[in-house]
Every structure is written in C-alpha cells, then in structure tokens.
Engineer: 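So that we are looking at the same thing, I have put the structure below in structure tokens.
In the text below, chain A, chain B and the rest are named by the order of the sequence lines, each starting its count at 1.
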2 protein chains.
Amino acid sequence: MTLTPPPQRPARSAGRELKEKGLFEAARSVFAEEGFKGATTAEIARRAGVPKANLHYYFPTKEALYRAVTEEILSDWLAAASSFDKNGDPKEAISAYVAAKMDLARADPLGSRIWASEILRGAPVIKDFLETTLADWLASREAIMQRWIAAEKIRPLEPRYFFYMIWATTQHYADFEDQIKALNGGAPLSDEQFQKAKAQAIDTILNGVMP
Amino acid sequence: MTLTPPPQRPARSAGRELKEKGLFEAARSVFAEEGFKGATTAEIARRAGVPKANLHYYFPTKEALYRAVTEEILSDWLAAASSFDKNGDPKEAISAYVAAKMDLARADPLGSRIWASEILRGAPVIKDFLETTLADWLASREAIMQRWIAAEKIRPLEPRYFFYMIWATTQHYADFEDQIKALNGGAPLSDEQFQKAKAQAIDTILNGVMP
DNA sequence: ACGAGAATTGACCGCTTGGTCAAATCTATC
DNA sequence: GATAGATTTGACCAAGCGGTCAATTCTCGT
C-alpha cells in the first residue's frame, strides 16, 4: 500500500522521473477513455511519444502501470475525504466535504472516471482498498453522524446512504461530463456554471439533512 | 430511432425470437461488465450457448448488437422519466420520479451500467439521443420547475443541476453496486436495505428542494 | 417425400494485442 | 578514453480479435 515508493538510488537521473511521468499521464488519459481492457499499451506509448518497447522498460506490464495510476487516485480520494474532519460542526463538515469532492471532480476528472470504470468491471484491483480502508473510513464517519443525529443536529437518516448521495452527485460531474456537455450545447461547464453547480450541490444536500 | 422493428414475416418462427433474446441478454451482461471495446463476441456467444458464427447470423456486427441493446435502455429511461409528469404537484412529481429511477436501477442495473460505460467512452452511439431527445426532455421539465420556483412551491435553484443530482444518486445504486457491496460486508443490498435507501433518497432530495 | 429457403457451424483470415529480445546507444565514473 | 551499467528501439511472436464462408442440417408448405 506504499503510495510513493522511494527510488532505490536517489540520484538515478533527472530524465527518468520525467519520462515515467509522461507515460503515467498518457496512461491516465487512455485508461479513463477506454477502461483497463480497452486501453492499449501502443496507444499509451504513442501519446507519451515513446516506442512501445520503452514503455515496457519502465512499467513491465499494462497492469503494473494501471496499478500505479490507481494508487494515486485512492490517495487523492482520501485527501479530499479528510476535509470532512476539519470541523466538528455538521454544517461546516458537510459543506467542506462536498466542496472538496466537487473540486476534486473538477480538478481531476480522469481519476474519477478511472475509478468509475474500475468499479464497473467489478473492482478487481481496488477491491481490497474498498473492503478495508474505505470501509473503515465510512464506518467511523457513520459513527460521527450518528452522534449528530442523537444530538438532533441533523435529521435522522442512515449515514451511509447519505454519503452515497454525496459521492454520486459530486463524481457525476466528472464521470458524466460528456453527457453534461451534450446537455449544455456541446460545451463543457464554464467555471461560473461549475461554481453554481457546486454551490447548489452544497445547498441542496445541506437542506436535505439539516433539521 | 425505431425501438422494436416489426419482423418482416410475422410467423417467422417461435425459436428465432427466443434465440435473439438469448444473445441479447448475453450481450447485455458482457457489455455491462466489459464495456463496448472490452466485450468480445466470442464471450457473448459463449454465454448465450451458441457458436460465434451463429451470433453473426442474427447480428451482423458487434456494433449492431450493441446498438440494439442501447436502444432498449434509452426506451426504459424515457418510460421512467414519464413518472415525473403524472402529477402537477412538485412534491408528488419529484417523489414519483426519484422512486421510478430507483426502481429502474434496481430492476435493470445492467442497463444503467451500459449507459454509464457508454458516456465514459464519449457517448459515440447515444450522443444524438443526448443532444436531441434528452436535451428536449430536460428543457421542458426545467420550464416546469421554473414555474414552481416562481410560484414559490420549491426553493429557487437551477433545475438542471437538480436533475443531475437525481440521476447521479439513483443510478449510483446500479453503477457502483460492486462498491456498495464491498461496503456492505460483501453482500448486495437486501430488499429491505434498498427500500430504506430509496425512501431516504426521496426524503433527502425533497427536503433539499422544498421551501 | 421433396425442394427451397432458413438456420447452424467448424474452419479459416487478416489484423491487433501485450509482451519479448538482442543489438545499439547513451551516461557516468574512474 | 575505457568500461560497466542504464536506456532505447525495431523486429518479432503467440494469442486473441471481429468477421467470413462454404458445407451441412433443419423446417415446412406443397
């Protein structure tokens, strides 16, 4: 579960990380568009501007590359999740969390799509993360929300379904971006439109849960 | 845009529709799991229990089969959408619509997943549907909601982002079923759990929008 | 029972896939 | 400038892909 394994030799070279990064970003875009199975190493190499054989020098298999991409996404997800904990007040915690998830969907739609595609195919690679890290995160935040319910700070509800609504709504703006584009005259949401969508998501969700 | 083209000869045979149906259902499951590109005609034929060459007798290409599957999904989507119009009262209309979308996600998760996968890859096949039929549907329901807002029957908001929340939340239960399973101890939601999730979705969305 | 068209299927084709490999080249240290 | 290791790459391979085809079998109206 190491997210950024330190290089065996610190001064390996300046060019190496750069080339790895290029392949990594190319892989993200291809995996997001085509899914794991649909993605081809030839296309990834083409976008990175290197011969396919060179890709296999840095990442021995397509799955190794995919796993590297995946780990970063899980790490970003957890970073956004931490904004739920920065304030003990329900209204503040929920607002901050929804805002952070909306911002993440806007900043890294590819990551969200790779996640969605991974779940659609049965989550073979991240199943362990879902069953351990994510399940633990959810359980402890459910406990927090149960306390809020007991204190009548929020309406009584099943916290996990509430989190599903937050995840679904925020990630929708990344995963279904092409549908949103088609419904927006062919253009992606402008920054103003997105800010409005974000404010409304926070608002509606808060109104939905505050007593 | 013909959804169910009538057979050229009515009494073609009883077995034909049955075999087509078998291939159709096998295709649905493979497309839902693997996406269009990841799905193989060999696997579809295997699940349907027929030789691959026989599949190509009924559906000349993989894309023809995919398009047939897709059309049914769009038709089902529109059928569920009609429940928004069965009542002029905002509370009733929204409740009925969310309920119908939740029921559809439960009854046909494969359809929802194929839709999601199609959007993720850029919606090449249903783009036309999104830009015409779906955009028209959305525009006219936005007009209805604007009237509700003017009459102060619901809070002021941008109706389209409200619909995105409904779509995202309801379809999440189909598209992310494997994630929900992992967070539910490995088991899919029981009927009771799902009914609770459905009631809460309706409730939270209504509270989010009613003044 | 027979003929014609519908349906079935094993074998096959050209192409793409993920991955390999050996030869060539580059880089850094002494 | 020699040498050892890191890096680069064209050529290649076995497996899998969507789709074709000709030969066969089935079905049914007459």
Side-chain angles (χ1 to χ4, degrees), chain A residues 5-24 26-31 33-70 114 117-118 121 124-125, chain B residues 5-24 26-31 33-70 114 117-118 121 124-125:
Chain A
Q8 293 89 333
R9 283 208 258 161
R12 182 93 64 94
S13 98
R16 176 165 191 129
E17 274 96 28
L18 213 76
K19 202 151 197 178
E20 261 179 13
K21 186 79 180 168
L23 283 162
F24 192 87
R28 282 173 56 84
S29 72
V30 177
F31 284 135
E33 284 170 30
E34 314 278 4
F36 175 76
K37 200 165 175 182
T40 70
T41 55
E43 175 62 13
I44 294 170
R46 200 191 57 76
R47 291 197 197 180
V50 304
K52 193 181 58 157
N54 201 357
L55 178 151
H56 282 101
Y57 176 73
Y58 287 97
F59 297 94
T61 66
K62 179 168 121 171
E63 187 171 329
L65 182 46
Y66 181 76
R67 283 182 183 270
V69 164
T70 299
I114 293 165
S117 168
E118 166 71 5
R121 73 186 186 117
V125 165
Chain B
Q8 292 87 335
R9 283 208 257 161
R12 185 91 65 94
S13 96
R16 175 162 192 132
E17 274 96 28
L18 213 76
K19 202 150 197 178
E20 261 177 15
K21 186 79 180 167
L23 283 162
F24 192 87
R28 283 174 54 84
S29 72
V30 177
F31 283 134
E33 283 170 32
E34 313 277 5
F36 175 76
K37 198 165 174 182
T40 70
T41 56
E43 175 63 14
I44 294 170
R46 201 191 57 78
R47 291 198 198 179
V50 305
K52 192 180 58 154
N54 202 356
L55 178 153
H56 282 102
Y57 177 74
Y58 287 98
F59 298 94
T61 65
K62 179 168 122 172
E63 188 172 328
L65 182 46
Y66 181 75
R67 284 182 183 271
V69 164
T70 298
I114 293 165
S117 168
E118 166 71 6
R121 73 186 185 117
V125 166

Engineer: What is the distance from CZ of B:F31 to C1' of D:dG18, rounded to the nearest Å?
Structural biologist: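 Interatomic distance, CZ of B:F31 to C1' of D:dG18: 12 Å.
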Engineer: List for me each residue that meets side-chain hydrogen bond (donor to acceptor under 3.5 Å, both in side chains) alongside B:E43, sequence neighbours excluded, and say none if there are none.
Structural biologist: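 B:E43 satisfies side-chain hydrogen bond (donor to acceptor under 3.5 Å, both in side chains) with B:R46, B:R47 only.
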Engineer: For DNA chain C, which residues in residues 60-70 of chain A have a heavy atom at a distance below 4.0 Å?
Structural biologist: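 Of all residues in residues 60-70 of chain A, the ones placing a heavy atom under 4.0 Å from DNA chain C are A:T61, A:K62.
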Engineer: Going by side-chain contact (heavy atoms from CB on, under 4.5 Å), name the residues that satisfy it together with A:A53, two or more places apart in sequence or in a different chain.
Structural biologist: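 Counting only residues at least two positions away or on another chain, A:A53 forms no side-chain contact (heavy atoms from CB on, under 4.5 Å).
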Engineer: A:P124: what forms a side-chain contact (heavy atoms from CB on, under 4.5 Å) with it, not counting sequence neighbours?
Structural biologist: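 Checked A:P124 against side-chain contact (heavy atoms from CB on, under 4.5 Å); matches are A:E118, A:R121.
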Engineer: Pair B:T41, B:L65 - check side chain to side chain contact (heavy atoms under 4.5 Å, CB included), show working.
Structural biologist: CA-CA 10 Å; B:T41 56; B:L65 182 46; over 6 Å; no
Engineer: How many angstroms lie between atom CG of B:L23 and atom CD1 of B:I44, to the nearest 0.5 angstrom?
Structural biologist: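 It comes to 8.5 Å.
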Engineer: Measure OH/A:Y58 against P/C:dG18 and give the value in whole Å, please.
Structural biologist: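 After rounding, the reported distance stands at 20 Å.
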Engineer: Send over the distance from B:F59 CZ to D:dT20 C1', rounded to a whole Å.
Structural biologist: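 Rounded to the whole Å, the gap is 19 Å.
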Engineer: Roughly how far, to the nearest 0.5 Å, is CG of A:N54 from CZ of A:F59?
Structural biologist: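 The CG atom of A:N54 is 11.0 Å from CZ of A:F59, to the nearest 0.5 Å.
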Engineer: Taking atom OG1 of A:T40 and atom NZ of A:K62, what is their separation to the nearest 0.5 Å?
Structural biologist: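 Separation between the atoms: 7.5 Å.
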Engineer: Give the residues of residues 42-57 of chain A touching DNA chain D, defined as any heavy atom closer than 4.0 Å, sorted by residue number.
Structural biologist: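 Hits under 4.0 Å, by residue number: A:P51, A:A53, A:N54, A:Y57.
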Engineer: Does A:Y66 have any ring pair (Phe, Tyr, Trp, His ring centres under 6.0 Å) partners at least two apart in sequence or in another chain, and if so, which?
Structural biologist: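 Applying ring pair (Phe, Tyr, Trp, His ring centres under 6.0 Å) to A:Y66 gives A:F31, A:F36.
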